[in-house]
Amino acid sequence: MIAALPEVQPSSIDPELWPWTEKEHAFGSYTTGVVGRHKVMRYDFGVPETVSQTVCNATSSPMTRTLTGSRTLGTQTSYSVSATVEAGFFGVVKTSVTTSFSQTWTEETTFTDSIEVEIKPGHCMWLELRPVMRILEGDFVLIRHFYLFGDEYRDNARFSGTVTAPGVEGTLKDVIVAKEAPVREDVLTELRTHAVEVETRAEGASVYREQDGGIVLPSYLGTLLMGDSANQVMEREGVRRS
């Protein structure tokens, strides 16, 4: 039974033991490698991700903007995978997904989209991505079989958990959402004060003011400052992946 095998952390497995290897030698043979024993691969929406800068309207009139952005999402695991064993780990994931589910596995995916919006005075807007993720559940088994002078030796171990990465299945599609939130007047005053003119902003400036009075913030500031009061004003299925 797989569940009865001793547990091991994947990062503690020697990188040379990940590829499946079978060799004969003068006194017997040995077989080593890691295999995936996955029973379930399901799909669901992942955690929402901000993908564009936040644009605030610091004027008294509505303004039109095209919000554009991209975000790269990689593979996440419920256990630790060090850089030294990452190549072997992903090799096993790809092989096991192909064998068990006749699908391919991509380590990371970049999402890109843009939406034209109208920003009301005293409001900020940004784009948020709801990516479709596939979740792989099951076991990985480290197999070490040795035959020496006719005797068999087994030293197997396992690690279990989930592997999550962007995926697409059936009618479930990525969703891009335009979020809108009112900004307090005192916050807007601070933004006006500290924003740098777009033509002269220093390299690395995080807040800058455009010619028509729009104030542009880094993507994370929208959700940090106004996420609790944000409303969804537009939603569209289908986001460009690469």
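As a basis for the values below, the full set of heavy atoms in this structure was taken, side chains included, without hydrogen atoms, waters or symmetry mates.
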Q.
Do Asn156 and His145 have side chains that approach each other closer than 4.5 Å (heavy atoms only, starting at C-beta)?
A. yes
Q. Can you tell me if Ser229 uses its side chain to pair, donor with acceptor, with the backbone of Met226 under 3.5 Å?
A. yes
**Q.** Distance-minimising heavy-atom pair for Gly36 and Phe140
**A.** CA-CD2, 4.1 Å
(Q) I'd like to know if the side chain of Thr75 reaches the main chain of Glu107, judged simply by a donor and an acceptor atom lying under 3.5 Å from each other, with no hydrogens or angles considered. (A) yes
Q) Mind checking whether Glu235 and Arg130 have side chains closer than 4.5 Å, heavy atoms only? A) yes
Q | pair Asn57-Lys120: side-chain heavy atoms closer than 4.5 Å | A | no
Q.
Hydrogens and angles aside, do Arg158 and Ser160 bring a side-chain donor and acceptor to less than 3.5 Å of each other?
A. yes
Q. Between atom CE of Met133 and atom CG of Leu172, what is the distance when rounded to the nearest 0.5 Å?
A. 12.0 Å
Q | Linked, directly or transitively: Tyr147 and Leu142 (ILVMFWY side chains, under 4.5 Å) | A | no
Q: Indicate the atoms forming the closest heavy-atom contact of Gly122 with Leu188, along with that distance.
A: CA-CD2, 4.2 Å
**Q.** Under 3.5 Å: donor-acceptor pair, side chain of Arg37, backbone of Gly138
**A.** no
Q. Given Lys179 and Leu67, is the side-chain contact (heavy atoms from CB on, under 4.5 Å) satisfied, shown in steps?
A. CA-CA 11 Å; Lys179 304 295 288 283; Leu67 300 178; over 6 Å; no
Q) How about Gln53 and Ser219: do any of their side-chain heavy atoms sit closer than 4.5 Å? A) no
Q: Could you tell me whether the side chain of Phe159 reaches within less than 4.5 Å of the side chain of Leu5, counting heavy atoms only?
A: no
**Q.** Common cluster, Leu127/Met234, ILVMFWY with side-chain heavy-atom separation under 4.5 Å
**A.** yes
Q.
Ignoring hydrogens, what is the shortest heavy-atom contact between Thr106 and Glu108? Give both atom names and the distance.
A. CG2-O, 3.0 Å
Q. Are the side chain of Ser78 and the backbone of Thr162 linked by a donor-acceptor contact shorter than 3.5 Å?
A. yes
Q) Is any side-chain heavy atom of Trp126 closer than 4.5 Å to a side-chain heavy atom of Thr223? A) yes
Q: For Arg241 and Gly167, indicate whether the former's side chain and the latter's backbone hold a donor-acceptor pair under 3.5 Å.
A: yes
Q.
Quick check against the 3.5 Å criterion: does Asp14 have a side-chain atom that pairs as donor or acceptor with the backbone of Glu16?
A. yes
Q: Look only at the side chain of Thr21 and the backbone of Pro19, and say whether a donor-acceptor pair between them is shorter than 3.5 Å.
A: yes
Q: Begin with the C-alpha distance, continue with both residues' side-chain angles, and end with the deciding distance and a verdict on side-chain contact (heavy atoms from CB on, under 4.5 Å) for Val233 and Val117.
A: CA-CA 9 Å; Val233 295; Val117 297; 5.7 Å; no
Q | Cluster overlap Phe101 with Val34, hydrophobic side-chain contacts below 4.5 Å | A | yes
Q | Cys56 side chain reached by Leu217 side chain, heavy atoms, under 4.5 Å | A | yes
(Q) Quick one, Tyr153 with Asp151, criterion side-chain contact (heavy atoms from CB on, under 4.5 Å). Give me CA distance, side-chain angles, the key distance, then yes/no. (A) CA-CA 7 Å; Tyr153 300 89; Asp151 294 323; 3.9 Å; yes
Q. Between the side chains of His38 and Ser100, does any donor sit under 3.5 Å from an acceptor?
A. no
Q) For Asp186, does the CG atom have more than 12 heavy-atom neighbours from other residues, nucleotides or ligands under 6.0 Å away? A) yes
Q) Of all heavy-atom pairs between Ile13 and Val85, which one has the smallest distance, and what is that distance? A) O-CG1, 3.3 Å
Q: May I have the step-by-step check of side-chain contact (heavy atoms from CB on, under 4.5 Å) for Phe111 and Val51, ending in yes or no?
A: CA-CA 8 Å; Phe111 300 83; Val51 296; 5.6 Å; no
Q. Hey, are Thr84 and Ser82 close enough side-chain-wise for a donor-acceptor pair under 3.5 Å?
A. yes
Q.
Do Trp20 and Ile143 have side chains that approach each other closer than 4.5 Å (heavy atoms only, starting at C-beta)?
A. yes
